[in-house]
Number of protein chains: 2
Amino acid sequence: MDPHLLRSFVAVVERGSFSAAAQALGYTQSAVSQHIAALEADLGTPLLRRRPVGPTEAGERLMEHARPLLLRLEAARADLARLTRVRPARLTLACAPAALTPALADALAGLRRAAPGLAVEVRVLGRDEAVRAVLTGAADLALVTGAAAPSDPLPLPDAGPMTTRAAAEEPLAVLLPASHPLAGRPALRLTDLADARWIDAPDTAVPLAELRAAARSDGFEAQVTYGGTDLRGLGMLVAAGHGLAALAPGVAEGLAGTVAVRVSAPRLVHRTEIVHPRDPDEPVRALVAALTG
Amino acid sequence: MDPHLLRSFVAVVERGSFSAAAQALGYTQSAVSQHIAALEADLGTPLLRRRPVGPTEAGERLMEHARPLLLRLEAARADLARLTRVRPARLTLACAPAALTPALADALAGLRRAAPGLAVEVRVLGRDEAVRAVLTGAADLALVTGAAAPSDPLPLPDAGPMTTRAAAEEPLAVLLPASHPLAGRPALRLTDLADARWIDAPDTAVPLAELRAAARSDGFEAQVTYGGTDLRGLGMLVAAGHGLAALAPGVAEGLAGTVAVRVSAPRLVHRTEIVHPRDPDEPVRALVAALTG
DNA sequence: CTAAATTACGACAGTCGTAAATATC
DNA sequence: GATATTTACGACTGTCGTAATTTAG
């Protein structure tokens, strides 16, 4: 189970082709074929069906291990690299769409006043991507969001040591089309909407799986899935009646044709959490202080 | 970062010696020396101080990654092996000391009545060891214990997909010497004992780090550390006044010279959790049903 | 028949063990 | 000076690419 072999395996599954994977990894297709053969011989079971190329049951299972494994390998390398590198005068922030609030903008402004030479890069990413960016050293700090019971932490992928800290807890809200029968209500119960049509927008709003878990309820089935990290686009779909989404009330304002209604029960919050390496640079510490102070 | 190299690195750190590590792994010292040199060259930084042998700062950091990485590698292999193996007529149960209760004994009795040919093996292990046993296929089922807020899950190492489920929640109790001033109380507040002398018995009672986290409090400093998984021995130490320990009230009975007093605040429970692979065999399902039904 | 994966095979790199050298307590 | 790690070196295994072969649509 050499990491190189796992990398090839993942690439083949992702692309559905030996040749495409080989090209992406800079190998010949022959080499990739040998990699898969070596893995299958090592594990004693076929991992891929050929023509069309796809994972077997064992292959599916291996994929669930291979990705976190490769991520942690990257994270370990980045972690050691952080110990020796010279700190560049740049702060990279991986930010969930709903975490990009006036409070964050103000905190960044304060930071830039305090450190005029500091270059700041903000990247809007989904939760796993954001955590991954911190772990691999691509970002210095991440702000991720989700729904949880009050003061409960968000479920984050555990691929290495990192520090997490609550930045904000707001009421949870449901984004409805302005024409929705419940749009005028001051508040609503989430369970009343379990059988409604929802949009699963895991990188933009609260992932539906998390909503189900937090509400300890079934339902919340997705009719439509929305990729990417653009809130406005999600608002368009909600306004057009494709389904509902769970959000923080603040970020839901200004989405034309929609109304955000607070969730009164079960008692859930929209939580923003800070994720950073255990040994943050000074600008990171300052920003964290500004966001939690 | 070949896993073989990481394995050698971990072995050297654990044993504090290249030669001892080589012997344990079936290599020559020379090979292990080359492994470490290769790792250090790859990561571009020294990982070990020599004479005496010990990890550098970067080495400490690498250790935090290497162990979970190797565990997940084992877990992946075991996971795939489970898909193809023939199920043996044997159930191996990895069990925390405090999980070995009359309820468990009864459930096992019921299982053996229902499946007379089934061999049962019970191994008493600490939490991480128990989870590790399930992940690597050494055990079919684990019962782990700890302290948490009511209905909160225990913090378990995340090294692969597994199913966890609450088996029991009892009040949390503190084990005191019979002569302790608080021994007669019907209940006590944990925070009153934050500055008491504690014994850290992570594999036998509630780990102190977990107690601190659950109580959201500092304190609970260990004067004495107790390894192993024998409750009676821990009782001896408590009775002799070496310190206190947190436990479930049921398991604390019959420890001579000690008294268990219930914790009334903060609201915490002693929780027993079931851990098993996602695709449990029939006897495992039956036992889980008996324990949660 | 064509696109794509596998197999055969030679060149090369990497890893092991033996043994000599070197460093530390 | 004894013990332990490192280095040198030869043997061997494993992995890559090229190219021929097989297979499935």
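Only this structure's heavy atoms are used, side chains among them; waters, hydrogens and symmetry mates stay out. Quick note on labels: first sequence line is chain A, next is B, and so on, each numbered from 1. Only a predicted model underlies this, so the values are computations on that prediction, with no experimental measurement involved.
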Pairs under 3.5 angstrom only: tabulate donor-acceptor contacts from the side chains of residues 24-31 of chain B to other protein residues two or more places apart or in another chain.
from    : atom 1 : to      : atom 2 : distance (Å)
B:Thr28 : OG1    : B:Ala31 : N      : 3.2
B:Ser30 : OG     : B:Gln34 : NE2    : 3.0

Could you list the donor-acceptor pairs under 3.5 angstrom formed between side-chain atoms of residues 130-139 of chain B and any protein atom two or more places apart in sequence or on another chain?
from     : atom 1 : to       : atom 2 : distance (Å)
B:Arg132 : NH2    : B:Glu74  : OE1    : 2.8
B:Thr136 : OG1    : B:Arg132 : O      : 2.9
B:Thr136 : OG1    : B:Ala133 : O      : 3.4

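For the pair B:Glu40 and B:Arg50, the salt-bridge criterion is met [side-chain N within less than 4.0 Å of a carboxylate O].
Using modelled atom types, one side-chain atom of B:Glu273 and one backbone atom of B:Leu154 make a donor-acceptor pair closer than 3.5 Å.
Among residues two or more places apart in sequence or in another chain, the side chain to side chain contact (heavy atoms under 4.5 Å, CB included) test is passed with A:Asp128 by A:Pro157. When the salt bridge (charged side-chain N to carboxylate O under 4.0 Å, His left out) test is applied to B:Arg15, no partner is found at least two apart in sequence or on another chain. Here A:Pro3 pairs with A:Arg7, A:Leu70, A:Leu73, B:Pro3 under the side chain to side chain contact (heavy atoms under 4.5 Å, CB included) rule; sequence neighbours left out. Checked against side chain to side chain contact (heavy atoms under 4.5 Å, CB included), A:Gln23 has no partners two or more places apart in sequence or in another chain.
Bending across the helix from C:dC1-D:dG25 to C:dC25-D:dG1, expressed as the angle between its end axes from five pairs apiece, amounts to 40° (10° rounding).
Applying the ring-ring contact (aromatic ring centres under 6.0 Å, His included) test to pairs two or more places apart or on separate chains, none has a residue in residues 48-85 of chain B. Listed by first and then second residue, the side-chain hydrogen bond (donor to acceptor under 3.5 Å, both in side chains) pairs involving residues 196-210 of chain B are B:Arg127-B:Glu210 (not counting sequence neighbours).
C:dA23 atom C1' lies 17 Å from atom CZ of B:Arg49, rounded to whole Å. In this structure, A:Gln23 atom CD and C:dA3 atom C1' are separated by 15 Å, rounded to whole Å.
Atom CG of A:Leu69 sits about 6.5 Å away from atom CE of A:Met1, to the nearest 0.5 Å.
Taking a 6.0 Å sphere around CZ of B:Arg212, one finds it holds more than 12 heavy atoms contributed by other residues, nucleotides or ligands. For A:Glu57, the CD atom counts as loosely surrounded, since its 6.0 Å shell holds 12 or fewer non-hydrogen atoms of other residues, nucleotides or ligands.
Contacts between residues 25-35 of chain A and DNA chain D, defined by a heavy-atom separation below 4.0 Å, involve A:Gly26, A:Tyr27, A:Thr28, A:Ser30, A:Ala31, A:Gln34, A:His35, listed by number. DNA chain C lies under 4.0 Å from no heavy atom of any residue of residues 1-17 of chain B.
The outermost nucleotides of DNA chain D lying under 4.0 Å from heavy atoms of chain A, listed 5' to 3', are D:dC16 to D:dG25.
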